[in-house]
Structure formats: C-alpha cells, structure tokens
Amino acid sequence: QVQLVESGGGLVQAGGSLRLSCAASGSIFSIAHMGWYRQAPGKQRELVAAITGNRITNYADSVKGRFTISRDSAKNTVYLQMNSLKPEDTSVYYCAADPIRSRILAATPAYWGQGTQVTVSS
C-alpha cells in the first residue's frame with residue numbers, strides 16, 4: 001500500500017513563492033515515478049511536473065521556468081518549488097506516484113495524495 005501526504009499549500013500574493021512537499025510511504029517500486037498535478041474548479045486535472053527515479057523531469061508549458069520538481073530518495077519525498085506565482089496557479093495540487101512513467105505523463109497514476117490548496121491573490 002502506498003500513502004502520499006502533501007503539505008505546504010497556502011495563500012500567497014502574486015509574485016510570491018511556495019514549496020509543496022509530498023511524503024511517500026510504501027513500496028519503493030510503486031513510487032518510482034512521481035508527479036504533481038493541479039485541478040481548479042470547473043477544470044480538468046492537469047499534470048504540472050513529473051520526475052522519474054533517475055530525476056528526469058517534465059513540466060507543463062505554463063510553469064516552465066517558474067516551478068521546479070525535485071526528489072529526496074532517502075526521505076521518499078518529492079518537492080515542488082513554485083516561484084513567481086500567478087493568480088491562475090490557484091488550484092488544489094495533488095501528488096501522485098506510479099511504477100510506470102507513462103501513467104504519470106498520461107495523468108493516470110495509480111496512487112494519489114489528498115491534495116493541498118494553493119491560492120494566489122492578485
């Protein structure tokens with residue numbers, strides 16, 4: 001069984017920064033590939049950033065140059081550093097994991113966290 005627990009969300013002014021954390025427990029194999037997603041009200045959930053076990057990263061075009069995904073394998077934790085935040089970044093952010101990378105990129109991972117709210121005020 002895999003558990004993912006997000007933290008670090010909150011309210012920030014436009015231009016500010018937040019760092020989200022996702023602590024994973026369970027099968028190391030199951031959390032080989034991880035990603036951060038977001039879903040705003042009335043919109044589909046979208047992939048924000050992904051990272052493989054070898055630290056290969058992918059980013060949505062809307063966050064490139066502003067967000068950075070990283071992982072600490074010793075702590076089984078993935079981070080999302082969000083800089084230069086914009087009001088349109090306001091969403092619930094979810095951490096997810098899967099042993100197969102393509103599922104992360106397709107936004108169909110097997111394991112999800114409960115989500116953390118990020119609100120960016122203008």
Side-chain angles (χ1 to χ4, degrees):
Q1 188 72 12
V2 174
Q3 284 193 320
L4 303 172
V5 180
E6 301 102 331
S7 60
L11 173 64
V12 64
Q13 287 189 330
S17 298
L18 282 175
R19 189 175 82 154
L20 305 183
S21 299
C22 173
S25 61
S27 165
I28 298 300
F29 172 75
S30 295
I31 60 172
H33 307 289
M34 301 190 72
W36 285 98
Y37 302 78
R38 65 186 181 188
Q39 186 169 22
K43 293 188 176 181
Q44 285 192 331
R45 191 172 297 186
E46 61 174 352
L47 176 66
V48 175
I51 188 166
T52 70
N54 292 329
R55 294 177 171 75
I56 296 170
T57 58
N58 296 84
Y59 294 95
D61 288 342
S62 59
V63 306
K64 281 180 181 177
R66 300 188 298 122
F67 290 12
T68 302
I69 188 170
S70 61
R71 68 189 297 167
D72 183 334
S73 296
K75 296 181 179 179
N76 284 342
T77 300
V78 172
Y79 305 97
L80 186 67
Q81 178 67 44
M82 305 186 294
N83 298 329
S84 302
L85 283 161
K86 304 175 181 179
E88 51 263 44
D89 294 318
T90 295
S91 281
V92 178
Y93 283 72
Y94 298 89
C95 173
D98 199 281
I100 299 174
R101 184 186 179 195
S102 61
R103 293 178 185 164
I104 293 288
L105 299 179
T108 56
Y111 306 103
W112 291 93
Q114 81 286 353
T116 186
Q117 176 70 46
V118 171
T119 303
V120 184
S121 63
S122 56

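Taking hydrophobic clusters as Ile, Leu, Val, Met, Phe, Trp and Tyr residues chained together by side-chain heavy-atom distances below 4.5 Å, Y79 does not share a cluster with M82. Cluster membership for L47 and L85, using ILVMFWY side-chain heavy atoms within less than 4.5 angstrom, is not shared. In the hydrophobic clustering of this structure, M34 groups with Y59; members are Ile, Leu, Val, Met, Phe, Trp, Tyr whose side-chain heavy atoms approach within less than 4.5 Å, directly or through other members.
When S30, P99, P109 are each tested for a side chain to side chain contact (heavy atoms under 4.5 Å, CB included) with V2, only one passes: S30.
The closest side-chain heavy-atom distance from Y111 to I31 is not below 4.5 Å. Using a 4.5 Å heavy-atom threshold, the side chains of R19 and S70 count as separate. Put simply, the side chain of W36 reaches to within 4.5 Å of the side chain of E6, judged on heavy atoms. Counting heavy atoms from C-beta outward, I51 and I104 have side chains that stay 4.5 Å or more apart.
Remark: L11 CG to L18 CG distance equals 8.5 Å, nearest 0.5 Å. Interatomic distance, CG of L105 versus CD1 of I100, reported as 12.0 Å (0.5 Å rounding). Here the OG-CD distance, from S122 to Q13, works out to 9.5 Å after rounding to the nearest 0.5 Å.
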*Using the side-chain contact (heavy atoms from CB on, under 4.5 Å) rule, take N83 and T68 through it: C-alpha gap first, then chi angles, then the decisive distance, then the call.*
CA-CA 8 Å; N83 298 329; T68 302; 5.7 Å; no
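Aromatic ring pairs are classed by plane angle as parallel below 30°, tilted from 30° to 60° and perpendicular above 60°; the pair Y93 and F67 is tilted.
Summarising the geometry of A96 relative to W112, their closest heavy-atom pair is CB-CE3, 3.8 Å, with the distance given to 0.1 Å. Nearest approach of L4 to A24, heavy atoms of both residues: CD2-CB, 3.5 Å. Summarising the geometry of H33 relative to R101, their closest heavy-atom pair is CD2-N, 3.3 Å, with the distance given to 0.1 Å. Shortest non-hydrogen contact noted between V120 and T90 is N-OG1, 2.9 Å. When all heavy atoms are compared, the tightest approach of A49 to L80 is CB-CD1, 4.1 Å. Nearest heavy atom pair, residue Q81 against residue S17, reads NE2-CB, 4.0 Å.
A salt bridge links K64 with D61; the closest basic N to acidic carboxylate O contact falls under 4.0 Å.
Within 6.0 Å of the CD atom in Q3, the count of heavy atoms belonging to other residues, nucleotides or ligands does not exceed 12.
The list of side chain to side chain donor-acceptor pair (under 3.5 Å) pairs with a residue in residues 41-53, not counting sequence neighbours, reads R38-E46, Q39-R45.
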